[in-house]
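What follows is a short report on a single structure.
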Amino acid sequence: MPETTELSPQYSPAAIESALYAEWLARGLFTPDPDSGGKPFVVVMPPPNVTDKLHTGHGLNATVQDVIVRFERMRGRDALWLPGTDHAGIATQNVVERLLTKEGTTRFDLGREAFVRRVEAFVAETGSTILVQLQAIGASCDWTRTAYTLSPALSRAVREVFVRLWEEGLIYRGHRVIHWCPRCLTSLSDEEAEHAERDGHLYHIRYPLADGSGHVTVATTRPETMLGDVAVAVNPADQEKQRFVGRMVTLPIAEIAIPIIADEGVELGFGTGFLKITPAHDPDDFEIGRRHGLPAPVILAPDATLGDASLEGKAGGRVPPELFGMDRFEARRVMVEQLKQLKLLEKIEPHRHAIRHCYRCDTIVEPRLSDQWFVKMKPFADDALRAHREGQVRFIPERRGDEFNQWLENIRDWNISRQLWWGHRIPVWYCDACRTSKAYREDPKACERCAGPLRQDEDVLDTWFSSWLWPFSTLGWPEQTADLARYYPTDVLVTAPEILFFWVARMIFAGMHFMGRMPFHTVYLHGTVRDTQHRKMSKSLGNGIDPLDVVRLYGADALRFTVTNGLAVGTDIILDPNDLEASFASGRNFANKLWNVGRLVLGHVEGMSADDRRLWTVDSRQSATNSTLSLADRWILSKLDRCVRETTEHLERFRLNDATGTPYHFLWDDFADWYLEAIKPRLYGEEEGGEVARAVAAHCFDTVLRLLHPVMPFITEALHRRLEGGADATIVTGPWPAPGGREDPVAEQHFAFVQATVDAVRAIRADANVKPNQAVAASIAVAEAWQRTALEAEHSMIARLARISSLDHAPSAGPGAHAVLPGGASLFVALGDAIDVGRECARLGEELARLEKQLAALDAKLANEKFLAKAPPEVVATEREKKASWTEKTSVLRAKLKSLGCA
RNA sequence: GGGCGAAUAGCUCAGCUGGUCCAGAGCGCCUGCCUUACACGCAGGAUGUCGGGGGUUCGAAUCCCUCUUCGCCCACCA
């Protein structure tokens, strides 16, 4: 910030933020320095999708990481926050396909190679959008290490991992029913097919017995799949149905005969007891079919239309011509109608059940029999469970660790192949001549055995198969790089709970397996950003908040403050997209407050040398004795020490709301509201001790700027530079404040007495409607010598509100208002004609009544022998002291009431 | 269906290891102030059966049980 610019009364973030960020980058402050002597502190950013634009979720996620990273950087750690993006197979392919649709073409028209080039061009153009946006909110990433899951380096890691797992026998080709998205035209992992409860129907359909002796009734939610039925099953324990086993039924519409079999997979008591078996389109049915050696005809095409051309001749005959090519839901409607005509539809029941949806396009997924590549998960899960049990990784909040365990215990093999074009192509080659297949680190030229031609697997890998390597692939693995040696394992992973299984768990798998060590010791899972109706913010609902709008309106610091301040461990954060001002006012207001405190302090200390500023406060305790420090000085330094200690503890425990709230309240409630007011006479030369006051104020301000820097990096840096008087100064690299051994309970007690006195005078003035410029006289009866000392020390605080006529007695005669002060002291404010005796009586009466009620409760407590016997002695002692003090207060109040002549 | 969490001021939430912070904050609201850093401010103020019921304890917003409501995670009853 140019020195010539006067600080305006209203903070304007836009004027400084982007310039400061550019300077930070130019000076390389976010790039770690292995020679710094600091122990590494590493955070890897959850890579946003290359197609992403910054939304509030990213904003929250990045803010949390930045707060933690900046804190550790200031503490002297060699901090590395490694950013990057994810190629996001399905999501990105979808985006580009939509573009092609607009252009009136398709990826199939383009062909695979051209399509991939097209996506690459798209990514090159827009892929770093979100990273640039992250800079606008102040993210202190080391951009020189920016990674990308589909870069050559990371692709190499992916390939190495695939081949190693292949060699270890942990990758296999499976023929089974997987989740298939008919819109994305790819298989999905179990995690990618999300459950959602929907109201559906249970269709009861009669299958006539082949011998014409009646029928059996099956119940299904997906009638269209009946064309793929190969049997009807009953539970072997179902006595009354045993007579059907071995007989044949005629499958309606397809008009083919299928057997009735017995299998324990049929749930007793559900539906009709007769289960239609569709091996190709239901995972359970597939297992049952296999047990009985039944065929598994596929009757749905990849796009979920009826009839699969690839199976024509085998399965095609099952699909009548009028249904062939019909969409699954249309077919359902038509077939239900046909069954009605045939009098084979017994009934339709409403039925609520969970349906799986594609996590990328929300289309209802179709279970589908196909060949896919799988990774065996059991060995990984066992290692992870053990490591978690041993405490090698902890989750915040803890309950997420329980979810983690639960998932591990029920883990199933991971389907890693996707029928897409965008991604890492599976490095498996087939030799049709030898009928062999093998995974290769380098592209092979020909079959090793027969030298015949090879063809590569057409599929690509699940996007998460590259991101699960993120904590070490980004550091150069499989090369044994210096980065890898120094910065692995990382420290803290910060992400949203939604991807605990997709990503976090699998990173733990990969880290344990390939590096032999947990990739991070702490997983901090923050809440979700929601609107006032507690709905997740999303593009489709249109209830999102653009963080950049907030930055433009109120500044990045205000955004970060608001988000952090509202972030209790394990809770969601609620913001109102329809009222940005209400949502972010607290952050904006606080930034403005900080700015103005800066204006006042800087106005008095700018130009003061750092040595002068530190002389009184930072050096040994002796350098600033109680005789040179005023009561207010000692009080604020005590408060400051506590603030430093607590803020540090909160950050260490990831209690971000408290880590923000603590310096907030210190700055506003203690420093601005009381200390600055207390020292104004000294600052303006009306009293002695200006130098000390300036030094203490500067020290407190400097310290609180540091404490706030992780949360509000821009404004704190701007003010810090002013304070240091140089543009080359920076707060980014610390140091982080340490407590100065100045916690001082006595000073706190004494100053609290002054505050109580000031509050009492203010309350009386306000209650009596005394105009601000109207003078009143007050007298105080102190009960102990230190109270007099305290009031004399900070007499100017009260002098502004009332002229003190005496510290020895508070007259009980004359028109005025009384108040009871702590420690047996009392206050009288003479109000002349302003006093309303009736009102004063009421006020004191209420106070007395309240006190008496409390006293009665306390008496009962102290009369309770069980309490005396069982409560800890110190608690009993405290209660006794309270009784003495309250009793005195009541007698004082009674005397006041009497003197006022109240009824 | 299984597991878990939460219910505190009009709104959004603190209240971490049961004993006054007579139950707190921010926003909003009411009153008075443009007091020489700040009206994005200052001072004063109102508002709560701490979801309902029961229990443990000398003592419960805080621990236990139960009911109600909301939320999260998991799930192959067609």
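Keep in mind that what you see is a predicted model, and the values were worked out from it rather than measured. Note that these values count all heavy atoms, side chains included, but never hydrogens, waters or copies made by symmetry. Letters A, B, ... mirror the listed sequences (proteins, then strands); counts begin at 1.
Among the atoms of the strands shown, only primed sugar atoms or phosphate atoms (P, OP1, OP2) are found under 4.0 Å from some heavy atom of A:Arg356. Across all strands, A:Asp759 comes closer than 4.0 Å only to sugar-phosphate atoms, never to a base (heavy-atom distances). Contact annotation for A:Phe584: no contact, since no heavy-atom pair falls under 4.0 Å across all strands. Contacts of A:Val266 with the nucleic acid, taken as non-hydrogen atoms under 4.0 Å apart, include base atoms.
The C1' atoms of B:U57 and B:U62 are separated by 13 Å, rounded to the nearest whole Å. Between the P atoms of B:G5 and B:C64, the separation comes to 9 Å (whole Å).
In this model, the phosphate group of B:A78 is approached by a side-chain N or O of A:His351 to a distance below 4.0 Å at OP1 or OP2.
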Spell out protein contact along nucleotides 33-42 of chain B as letters: B when the base is contacted, S when just the sugar-phosphate is, - when no protein heavy atom is under 4.0 Å; keep the 5' to 3' order. S---BB-BSS
Using a 4.0 Å heavy-atom cut-off to protein, can you give one letter per nucleotide of nucleotides 13-19 of chain B, 5' to 3': B if the base is in contact, S if only the sugar-phosphate is, - if neither? SSSB--B
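Aromatic ring centres of A:Tyr664 and A:Phe561 lie closer together than 6.0 Å. You'll find the ring centres of A:His281 and A:Phe286 outside the 6.0 Å limit. Remark: aromatic rings of A:Tyr207 and A:Phe274 are distant, center separation not under 6.0 Å.
Geometrically, A:Arg762 engages A:Trp674 in a cation-pi contact defined by less than 6.0 Å to the ring centre and at most 45° from the axis.
Contact check of residues 397-411 of chain A against RNA chain B (heavy atom, cut-off under 4.0 Å) returns A:Arg399, A:Arg400, A:Glu403, A:Gln406.
A salt bridge between A:Glu677 and A:Arg800 is present, with a side-chain N of the basic residue lying under 4.0 Å from a carboxylate O of the acidic one. Salt-bridge check for A:Glu346 with A:Arg206: passed, with a basic side-chain N closer than 4.0 Å to an acidic carboxylate O. Between A:Lys536 and A:Glu498 a salt bridge is recorded (basic side-chain N to carboxylate O distance below 4.0 Å).
Considering only heavy atoms from C-beta on, A:Ile396 stays 4.5 Å or farther from A:Leu525 through its side chain.
Both A:His353 and A:Glu498 lie near RNA chain B, and the one whose nearest nucleotide falls closer to the 5' end is A:Glu498. Comparing A:His195 and A:Gly273 by the nucleotide of RNA chain B whose heavy atom lies nearest to each, the residue mapping closer to the 5' end is A:His195.
A:Asn415 and A:Ser189 form no side-chain donor-acceptor contact under 3.5 Å, judged by distance and modelled atom types alone. Side-chain contact annotation: A:His357 with A:Arg198, donor-acceptor N/O pair under 3.5 Å present. Between the side chains of A:His353 and A:Glu197, not a single donor N or O lies within less than 3.5 Å of an accepting N or O.
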